[in-house]
Amino acid sequence: MPASINQWIIVNNDADQYNYGYILYRVNGETLAQYSEYLFLHPMYSLLRKLYFMFPAEQAHYMAMNQLSLLTASKAGKKLVSAIAAPADNRHETRFLNMTFKNPVGLGAGFDKNARYLNELEALGFGFVEIGTVTPLAQDGNPQPRLFRLPQDKALINRMGFNNEGADVITERLKKWREKKAKSTDKQPLIIGGNIGKNKVTPNEDAWKDYATCFNKLHHYVDYFVVNVSSPNTPGLRELQEKESLRKIIWNLAMINNGKAVAKPILLKIAPDLTQSQLDDVIDLASEVKLDGLVISNTTIDRNGLNTPIAEQEKIGAGGLSGKPVRAKSTGIIEYVHKQTGGSIPIIGSGGIFTGIDAREKMAAGASLVQVWTGFIYQGPDIVKQICKSL
């Protein structure tokens, strides 16, 4: 144990090929149990990660989450997991779009597509979880393998293709979750976002109908919506980012929303590959239709500057790139939108967030909340706690 309570310990995991990076940890009256996170938790996850990385990425994902499900199945187990992995207090409570988040660190869409792991993710301390992308009808998505690791770049490539169980099944699961939580004494319930999209077989001219269907079915059971027109893995989807296509989708959802007893915030998730003129169109449209906010950003199709050999990239094939390589690009777009709008459009920042330093970068650029995904895979189950400590 360090002698001084003001001593900063720099933990550098360079020996691990999947380097955590530098973690700053101030020992300020912390208990031995809290300090021991760095002696036991990180090395333990480092070993587990190497084990998981021996399996195909999608298989490892479900292995890990199902094992976490076993740990959190009981109240005692969930409490133990939270004590180890989740932030210990509510110092980071955040107001955003008239909602109260217990902390500003969320999990991006695509991780819990079918709202199966809300209990487990709540135990890990996430301030919010975005489920989906949900489509009206169930669909299998693209053929496997469709999720790939690029450890040299701390990145992932996915071409999942909106695989999900469909709006009806997911709505029923969310309904049961809400009924269960209504009986609990949680002072800060998990905020749930609904990320919605169109089925692959739906032509773009009818896409607005798919978004409306998902919106209506999920409306009572999620806290906010994210319109996803920016995934690169559904053919033609990104064409819906053009101004006229977007206007039709968003206007229709806004009209439906206004007819509900309680309106829910509607945000738009955009790609990091938009040109400046396309970004300006998004900004204009957001102002015109009074969009509640933006999620910046989705995965990129840009492969420039990767450390992963070209031959390996070609073997993987098409898909959206996430993780460290997209960090600067997404931050740059956040900064541009924030400056162009004078901060009038609320932003959730996403893309390459692994540490508190990355989160602070997004917030300094103009984001109010942040989402992790790839960083969660590489950093481990206590990523929320470590980011919140840094904040």
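The basis for the numbers below is simple: all heavy atoms, side chains too, and nothing from hydrogens, waters or symmetry mates. These numbers were taken from a predicted model, which means no experiment stands behind them.
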Residue list, side-chain hydrogen bond (donor to acceptor under 3.5 Å, both in side chains) with Thr341, at least two apart or on another chain: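 Partners of Thr341 by the side-chain hydrogen bond (donor to acceptor under 3.5 Å, both in side chains) criterion come out as none, since no residue qualifies.
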Results of side-chain hydrogen bond (donor to acceptor under 3.5 Å, both in side chains) for Arg303 - residues two or more places apart only: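 Not a single residue meets the side-chain hydrogen bond (donor to acceptor under 3.5 Å, both in side chains) criterion with Arg303.
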Side-chain donor/acceptor pairs under 3.5 Å, residues 365-375, sequence neighbours excluded:
residue: Gln371; atom: NE2; partner: Glu130; partner atom: OE1; Å: 2.7
residue: Trp373; atom: NE1; partner: Ala109; partner atom: O; Å: 3.1
residue: Thr374; atom: OG1; partner: Ser322; partner atom: OG; Å: 2.6

Can you give me every donor-acceptor pair (side chain of residues 259-272, partner residue at least two apart or in another chain, under 3.5 Å) with its distance?
residue: Lys260; atom: NZ; partner: Asn216; partner atom: OD1; Å: 2.9
residue: Lys264; atom: NZ; partner: His219; partner atom: O; Å: 2.6
residue: Lys264; atom: NZ; partner: Val222; partner atom: O; Å: 2.7

According to side-chain contact (heavy atoms from CB on, under 4.5 Å), who are the partners of [X], at least two apart in sequence or on a separate chain?
X      : value
Glu361 : Arg327, Thr331
Trp208 : Lys248, Ile249, Asn252
Ala64  : Tyr52
Ser231 : Phe162, Asn228, Asn233, Leu237, Asn298

Pairwise salt bridge (charged side-chain N to carboxylate O under 4.0 Å, His left out) hits with a residue in residues 305-323, at least two apart: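 Sorted pair list comes back empty.
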Distance-only polar pair, side chains of [X] and [Y], donor-acceptor under 3.5 Å:
X      : Y      : value
Ser69  : Glu120 : yes
Gln188 : Glu93  : yes
Tyr224 : Asn98  : no
Lys200 : Thr135 : no

Salt-bridge contact Asp273-Lys329 (side-chain N to carboxylate O under 4.0 Å):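 Salt bridge flag = yes for Lys329 with Asp273.
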Ion pair Lys183/Glu179, N-O distance below 4.0 Å: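 Salt bridge absent between Lys183 and Glu179.
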Flag side-chain contact, heavy atom, 4.5 Å: Met65 against Leu121: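 In contact.
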Set of residues satisfying ring pair (Phe, Tyr, Trp, His ring centres under 6.0 Å) with respect to Phe376, sequence neighbours excluded: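 Per chain and number, Phe376 pairs via ring pair (Phe, Tyr, Trp, His ring centres under 6.0 Å) with Phe111, Phe126.
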Any chance [atom1] of [X] has more than 12 other-residue heavy atoms, nucleotides or ligands included, within less than 6.0 Å?
X      : atom1 : value
Arg95  : CZ    : yes
Lys243 : NZ    : yes
Asn66  : CG    : yes

Within residues 65-105 or reaching into it, pairs that qualify as ring-ring contact (aromatic ring centres under 6.0 Å, His included) - sequence neighbours excluded: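 ring-ring contact (aromatic ring centres under 6.0 Å, His included) check on residues 65-105 returns Phe101-Phe128.
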Other ILVMFWY residues reachable from Ile316 by side-chain steps of under 4.5 Å: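 Same cluster as Ile316: Phe148, Leu150, Ile157, Leu306, Leu321.
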